[in-house]
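Please read the structure below before turning to the comments.
Keep in mind that this is a model prediction, so the values were computed, not measured.
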Amino acid sequence: MKKGLIFLLISFAGFSQQNFFNVPSSDITKAKHVFFQQQLNFINAGFQSSTTFCYGLGKNYEMGLNVIGVTVDYAASLADNAGTFIVLNGQKKWDVSPVFSTALGGQIGLSSLADGGAYAYSNGVYKLEHTKLVGGIYYSSDAYFGPESRGFNASGTLDKFGFQAGIERNLWKEKLLFQADFISGRHSLGEVVLGGAYFISKNVVLSAGYQIPTMGSKSQDAVVFEITYIPL
């Protein structure tokens, strides 16, 4: 498979642990509990599935597994798994104050073509009564996001670093939430996703959003759906 097609396939994957849509929310799975999230991204040519499992280790640590980029092409009527990544994920969070925390996390793994990939980030998290704001810096290898600029610097070593941000706002009784996130760069994941989430039950959440490429990025428009299980 050509490298450009690999970048296209993985442009619709959620590279994160618990997230808004693509950007990590920096929530931590409770100790000895399992978090699960299934994401489907639909475009004209087909759809892509990304699955996340996380296990809470306690003391604000978690680790897990992501299966990213399982793609179905409508024209071929077959699953095309050549761009699929299987990665380990991990995250650590520090509570600085009742309203502010910081987190470090990332993923590392291999594609079905034996290409290694890595994504790492540092987030700051600010919580108000009805609003959560997340922002930080990320690093990614070319196998994950493509070789294009991340947006932090035009060239050189810092070109592998970019910005990411997310917002969550309660709209109705802590059951209906507005969510949006942003990843900088001209690569395959340079995009904004706008949408929301609804708590079907206390620990099952249905999310939906629309993915919009940032100016000059390799991303594509897509409709995004997620089903999430959050342990209580």
Side-chain angles (χ1 to χ4, degrees), residues 13-31 33 35 37 39 50 52-66 68 87-109 117-141 144-145 149-153 158-170 177-185 187-197 205 207 209 211 214 217 219 224 226 228 230-231:
F15 295 89
S16 56
Q17 285 77 258
Q18 300 189 36
N19 58 35
F20 297 102
F21 290 101
N22 291 319
V23 174
S25 65
S26 291
D27 294 325
I28 297 291
T29 306
K30 291 185 178 181
H33 286 73
F35 166 91
Q37 186 171 74
Q39 179 173 318
S50 297
T52 298
F53 294 92
C54 293
Y55 181 75
L57 301 175
K59 297 183 179 180
N60 274 342
Y61 284 95
E62 69 176 11
M63 65 178 299
L65 180 73
N66 297 55
I68 299 168
V87 300
L88 297 175
N89 68 59
Q91 186 174 212
K92 166 63 176 175
K93 182 179 178 182
W94 293 268
D95 294 318
V96 180
S97 75
V99 298
F100 182 74
S101 59
T102 61
L104 293 175
Q107 298 85 44
I108 186 168
Y119 162 66
Y121 60 88
S122 174
N123 276 342
V125 183
Y126 185 60
K127 287 186 177 181
L128 299 172
E129 184 177 0
H130 298 294
T131 304
K132 177 179 180 179
L133 301 172
V134 174
I137 296 173
Y138 74 86
Y139 161 87
S140 70
S141 65
Y144 258 35
F145 284 7
S149 170
R150 305 321 190 228
F152 192 80
N153 193 35
L158 289 179
D159 189 44
K160 302 300 181 185
F161 292 83
F163 300 99
Q164 60 186 23
I167 182 173
E168 181 177 275
R169 171 73 178 179
N170 175 49
L177 309 175
F178 167 77
Q179 291 182 330
D181 61 17
F182 159 74
I183 298 179
S184 70
H187 49 77
S188 297
L189 210 71
E191 59 206 20
V192 174
V193 183
L194 301 172
V205 186
S207 304
Q211 175 178 293
T214 55
S217 81
S219 180
V224 183
E226 289 180 343
T228 303
I230 305 171

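- Closest approach of Thr29 and Cys54 over heavy atoms only: OG1-CB, 3.5 Å.
- Looking only at distances, no side-chain donor or acceptor of Ser50 sits under 3.5 Å from a matching main-chain atom of Gln39.
- A donor-acceptor pair is defined here as one N or O able to donate and one able to accept, closer than 3.5 Å; no such pair exists between the side chain of Arg150 and the backbone of Ser184.
- With a 4.5 Å cut-off on side-chain heavy atoms, Leu57 and Glu62 do not count as touching.
- One side chain, Asn60 or Asp95, offers a donor N or O that lies under 3.5 Å from an acceptor on the other.
- Closest approach of Gln179 to Ser207, counting heavy atoms only: OE1-OG, 4.0 Å.
- The closest donor-acceptor contact from the side chain of Thr214 to the backbone of Gly185 lies under 3.5 Å.
- Here the CG-OH distance, from Leu189 to Tyr119, works out to 8.0 Å after rounding to the nearest 0.5 Å.
- The closest side-chain donor-acceptor pair between Gln107 and Tyr121, if any, does not fall under 3.5 angstrom.
- Atom CG of Leu104 sits about 4.0 Å away from atom CH2 of Trp94, to the nearest 0.5 Å.
- A salt bridge links Asp27 to Lys132: at least one charged side-chain nitrogen sits closer than 4.0 Å to a carboxylate oxygen.
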Task: Derivation and outcome, side-chain contact (heavy atoms from CB on, under 4.5 Å), residues Thr131 and Ile167 - done: CA-CA 7 Å; Thr131 304; Ile167 182 173; 4.2 Å; yes

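- Separating the CG atom in Leu177 from the CZ atom in Phe20 is a distance of 10.0 Å, to the nearest 0.5 Å.
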TODO: Give the C-alpha distance, both sets of side-chain angles, the deciding distance and a yes or no for side-chain contact (heavy atoms from CB on, under 4.5 Å) between Glu129 and Asn170.
DONE: CA-CA 9 Å; Glu129 184 177 0; Asn170 175 49; over 6 Å; no

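- Remark: side-chain polar atoms of Lys30 are not paired, donor with acceptor, to backbone N or O of Phe35 under 3.5 angstrom.
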Task: ring pair (Phe, Tyr, Trp, His ring centres under 6.0 Å) between Phe100 and Tyr126, intermediate numbers included - done: CA-CA 5 Å; Phe100 182 74; Tyr126 185 60; 7.1 Å; no

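- Using a 4.5 Å cut-off on side-chain heavy atoms (C-beta onward), Phe145 and Tyr138 make contact.
- Expressed to the nearest 0.5 Å, how far OG of Ser122 lies from CZ of Phe161 amounts to 11.0 Å.
- Judged purely by distance below 3.5 Å, without hydrogens or angles, the side chains of Thr52 and Gln37 never pair a donor atom with an acceptor atom.
- Looking at heavy atoms from C-beta onward, Asn22 lies in side-chain contact with Gln211 at the 4.5 angstrom threshold.
- Looking only at side-chain heavy atoms (C-beta outward), Pro24 and Gln164 come within less than 4.5 Å of each other.
- Without hydrogens or angle criteria, Asp181 side chain to Phe21 main chain gives a donor-acceptor distance under 3.5 Å.
- By the 4.5 Å heavy-atom criterion applied to side chains, Thr102 and Val96 are counted as neighbours.
- Considering only heavy atoms from C-beta on, Gln91 comes within 4.5 Å of Ser26 through its side chain.
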Open item on the list: Under the criterion side-chain hydrogen bond (donor to acceptor under 3.5 Å, both in side chains), I'd like the reasoning laid out for Ser25 against Glu168: C-alpha separation, chi angles, the key distance, then a yes or no.
Closed with: CA-CA 9 Å; Ser25 65; Glu168 181 177 275; over 6 Å; no

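- In this structure, Leu65 and Val87 have side chains that are not in contact, with every pair of non-hydrogen atoms separated by 4.5 Å or more.
- Note that Lys160 lies outside the cation-pi zone of Tyr139, set by a 6.0 Å cut-off to the ring centre and a 45° limit from the axis.
- Of the inter-residue distances, the one linking Arg169 atom CZ with Leu128 atom CG reads 8.5 Å to the nearest 0.5 angstrom.
- Taken to the nearest 0.5 Å, the CG atom of Leu133 stands 12.0 Å off from the CG atom of Asn123.
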